[in-house]
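What follows is a short report on a single structure.
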Amino acid sequence: MLDNLLAVIREENLSEQLYHSLVGLEIEEQRIDQHGRLSRRPHPSQLGSRTFHPYFQTDFTESQLEVITDPNPNIGGTLDQLDTLQTVAYRSLEGDDRIWPLSMPPVVDDTDLQFIADHFDRPAIRPYREYLVKKYGLQHGCLTGVHVNYSLPDPVIHRLYSHYTTEFSSLVAFKNALYFRVAQNFVRYQWLLTYLFGASPIAEKGFFETVPADLQEPVRSIRNSPYGFVNFPQEQVTYASLTAHLTQLQDRIDEGTYFSAHEFYGPVRLKGRANARDFLTGGIQYLELRDFDNTPFTPNGVSRHAMYFLKIFMLYLLTQPEPENLAETLTAARTKNQTVALENPLTATQYQLEGEQIFHEMREMAQSLQTHIEQWDIIDDLEEVLTHPELTPAAKLLTHVENGSLMKFGQAVARKWYHDRINTPALLPQLQQLSDHAQRFVMTALQAGIRFYQVRDENGADLLMFTFDGITQVLEDRDTRVPDADARLRQLFPDLPALPAPLHYEN
């Protein structure tokens, strides 16, 4: 199945289009107060209603902010939008709130945990949340991370399918095979991403009631370890085949092992269908990759290097053949990833030779497809990290540990990020080519939950496109020169719900 895929991609000259597969980001991050504890303020009232908001959500705790980008074929475009959304989030924070830069939460005590348990303002998912608290505990839900949404271009899938019509009964079956090949190989090589980008070496006081023996010393990634954001070992779901994966996932739900598909915390989720059984007939629309820790070394919470590397790495995963002993390989891969997650960050991984082979094969692929020099550069940069563990994020974090804690470092980073965001000359630096009033208009729209896209007309002039509930309005910069941006937006979108009334918690 899918034999000679690399040769077909080369023959059809599809590598450039594949490199520009769509990528979207979901960045989870915790709000903290001036003392570095989880914030006890409600979700910022300026950020609109979470019942529909496309860009700003929360998850397990009210202090958790989730920043969501649109899918984009260019990493630069994805990261520019993320920067704009993060700036809007920072400018919407209330009081002394700041953003915690790490995946592992700050210090928590019993009063913090009680506050988290008592305050949750999303009634529709309260039963699910209560179920999670009972099953996994409060601390488990306080972990944050980066999810990457990845989709292959439909025109490329159609072109590739023309070479495999005798192997697959339909385009949907072929599309599923492509996506699931990527998912399986992501599981196989997840350990490499955990090594390269793991950034959760220690837990702060209060996260564990008793610190496990494996975590008495710093590790690469608690979040990707057996003690992190994972399902129980006896409740895993196989990736041995698409049918087996979907069947087992549905069985977990039907028997009550999982509350819903949302409780499946595997490294890759299949996305685009309401129910597991629908994927076989409707097809996979995109993959959600769930491996990445927040990084405190870039203010958007995600490494630019990681995202550029992921683009070429996903192409490598697509073209890797299926091993003969696939089921055993996938089982071993899960163990391998957990092993790497628990390694000492300052030592070479025990799988370094295998990693070097992966980089060698990536170079061969890049040469075969005649990829751009920037793709070669990112391969070189990350291979250096493979052979120099002191360059990994986890190792670099160890230089900031004081008395077994990253609290001082985390708070310092949080203060710096806030100061840098709030004190920029432009309101939205990635849109500084727009006038001040246009930037204010865009920010108000994003806060309210209106989708925004910057486009150009046939003469190259900037146009501002706003979309809400199926209605699209295209404005020029001069159209945004209004005394009240919110009032104008509500004229353009009469069905836009009012901002929710501010909540006030009793501490």
Side-chain angles (χ1 to χ4, degrees), residues 1-24 71-75 77-78 148-190 239-246 267-273 278-289 307-324 326 329-330 358 361-372 374-376 378-379:
M1 300 283 278
L2 298 177
D3 292 337
N4 304 314
L5 191 56
L6 180 60
V8 173
I9 292 170
R10 184 173 60 245
E11 176 186 336
E12 292 282 0
N13 195 27
L14 295 175
S15 64
E16 183 70 13
Q17 293 180 63
L18 280 168
Y19 185 71
H20 287 93
S21 297
L22 294 174
V23 168
N72 195 302
N74 298 302
I75 291 297
T78 301
V148 180
N149 297 319
Y150 179 86
S151 62
L152 300 165
D154 281 337
V156 171
I157 294 174
H158 283 77
R159 289 272 293 279
L160 291 175
Y161 178 52
S162 67
H163 291 261
Y164 294 93
T165 54
T166 59
E167 290 187 38
F168 295 92
S169 59
S170 67
L171 177 63
V172 167
F174 175 72
K175 183 179 182 179
N176 281 347
L178 285 180
Y179 273 117
F180 206 67
R181 166 68 61 84
V182 174
Q184 288 173 322
N185 283 329
F186 189 88
V187 174
R188 287 175 63 190
Y189 301 120
Q190 182 191 4
Y239 287 90
S241 73
L242 176 59
T243 301
H245 177 85
L246 296 173
V268 186
R269 280 179 180 167
L270 314 183
K271 302 292 284 188
R273 301 295 164 194
D278 295 335
F279 285 102
L280 293 178
T281 54
I284 302 166
Q285 294 300 307
Y286 64 98
L287 301 176
E288 182 187 47
L289 314 175
M307 292 301 98
Y308 277 103
F309 176 75
L310 187 65
K311 271 295 186 82
I312 191 71
F313 187 63
M314 296 301 283
L315 185 51
Y316 171 76
L317 298 183
L318 176 65
T319 57
Q320 284 301 291
E322 180 180 301
E324 292 182 4
L326 177 62
T329 299
L330 292 172
I358 293 172
E361 292 171 357
M362 289 180 66
R363 279 201 183 83
E364 288 187 331
M365 179 196 70
Q367 184 175 17
S368 174
L369 298 177
Q370 298 180 330
T371 57
H372 292 178
E374 68 177 25
Q375 297 170 39
W376 284 84
I378 199 68
I379 292 172

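- A distance-only check finds no donor-acceptor pair linking the side chain of Tyr286 to the backbone of Gly24 [under 3.5 Å].
- Between atom CG of residue Leu246 and atom CG of residue Asn176 there is a gap of 8.0 Å, rounded to the nearest 0.5 Å.
- Here the shortest heavy-atom pairing between Phe180 and Leu242 reads CE2-N, 3.3 Å.
- Considering only residues two or more places apart in sequence or on other chains, Pro323 meets the side chain to side chain contact (heavy atoms under 4.5 Å, CB included) condition with Arg188, Asn325, Leu326, Thr329.
- Closest approach of Leu22 and Pro71 over heavy atoms only: CB-CB, 4.1 Å.
- Looking at heavy atoms from C-beta onward, Leu14 lies out of side-chain contact with Val8 at the 4.5 angstrom threshold.
- Shortest non-hydrogen contact noted between Ala173 and Ser169 is CB-OG, 4.2 Å.
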For Thr281 and Val172, run side chain to side chain contact (heavy atoms under 4.5 Å, CB included): C-alpha distance rounded to whole Å, both residues' side-chain angles, the deciding distance at 0.1 Å, then the answer. CA-CA 7 Å; Thr281 54; Val172 167; over 6 Å; no
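- No side-chain donor-acceptor contact under 3.5 Å links Arg181 to the backbone of Thr319.
- Rounded to the nearest 0.5 Å, atoms CG (Leu160) and CG (Leu152) are 8.5 Å apart.
- For the atom pair CG (Leu270) and NE2 (His245), the distance works out to 4.5 Å, reported to the nearest 0.5 Å.
- Taking CE of Met362 as the start and CH2 of Trp376 as the end, the distance is 10.5 Å to the nearest 0.5 Å.
- The two residues Ile379 and Ala366 make their nearest non-hydrogen contact at CD1-CB, 4.3 Å.
- The backbone N or O of Asn74 sits less than 3.5 Å from a side-chain atom of Thr78, completing a donor-acceptor pair.
- The two atoms that bring Phe174 and Ile157 nearest to each other are CE2-O, 3.4 Å, heavy atoms only.
- Ring geometry for Tyr164 against Phe168 counts as perpendicular: the plane angle is over 60°, on a 0 to 90° scale with 30° as the lower cut.
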Could you please spell out the steps behind the side chain to side chain contact (heavy atoms under 4.5 Å, CB included) verdict for Leu178 and Leu5? CA-CA 10 Å; Leu178 285 180; Leu5 191 56; 3.9 Å; yes
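- Nearest heavy-atom pair across Pro267 and Val187 is CG-CG2, 3.8 Å.
- Gln184 places a side-chain N or O within donor-acceptor distance of the main-chain N or O of Tyr239, the cut-off being under 3.5 Å.
- When the shell of 6.0 Å around CD of Gln370 is examined, it contains 12 or fewer heavy atoms from other residues, nucleotides or ligands.
- At least one donor-acceptor pair under 3.5 Å links the side chain of Asn185 to the backbone N or O of Gln320.
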Going through the checks in order, is the side chain to side chain contact (heavy atoms under 4.5 Å, CB included) test met by Met314 and Val23? CA-CA 11 Å; Met314 296 301 283; Val23 168; over 6 Å; no
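- The line from OG of Ser15 to CD1 of Ile312 is 8.0 Å long, rounded to the nearest 0.5 Å.
- Among residues at least two apart or in separate chains, side-chain hydrogen bond (donor to acceptor under 3.5 Å, both in side chains) pairs with a member in residues 149-161 are Glu12-Arg159, Ser21-Tyr150, Glu26-Asn149.
- Arg269 meets the salt bridge (charged side-chain N to carboxylate O under 4.0 Å, His left out) test with Glu288; sequence neighbours excluded.
- Remark: side-chain polar atoms of Tyr179 are paired, donor with acceptor, to backbone N or O of Gln285 under 3.5 angstrom.
- Of the inter-residue distances, the one linking Thr371 atom OG1 with Gln367 atom CD reads 9.5 Å to the nearest 0.5 angstrom.
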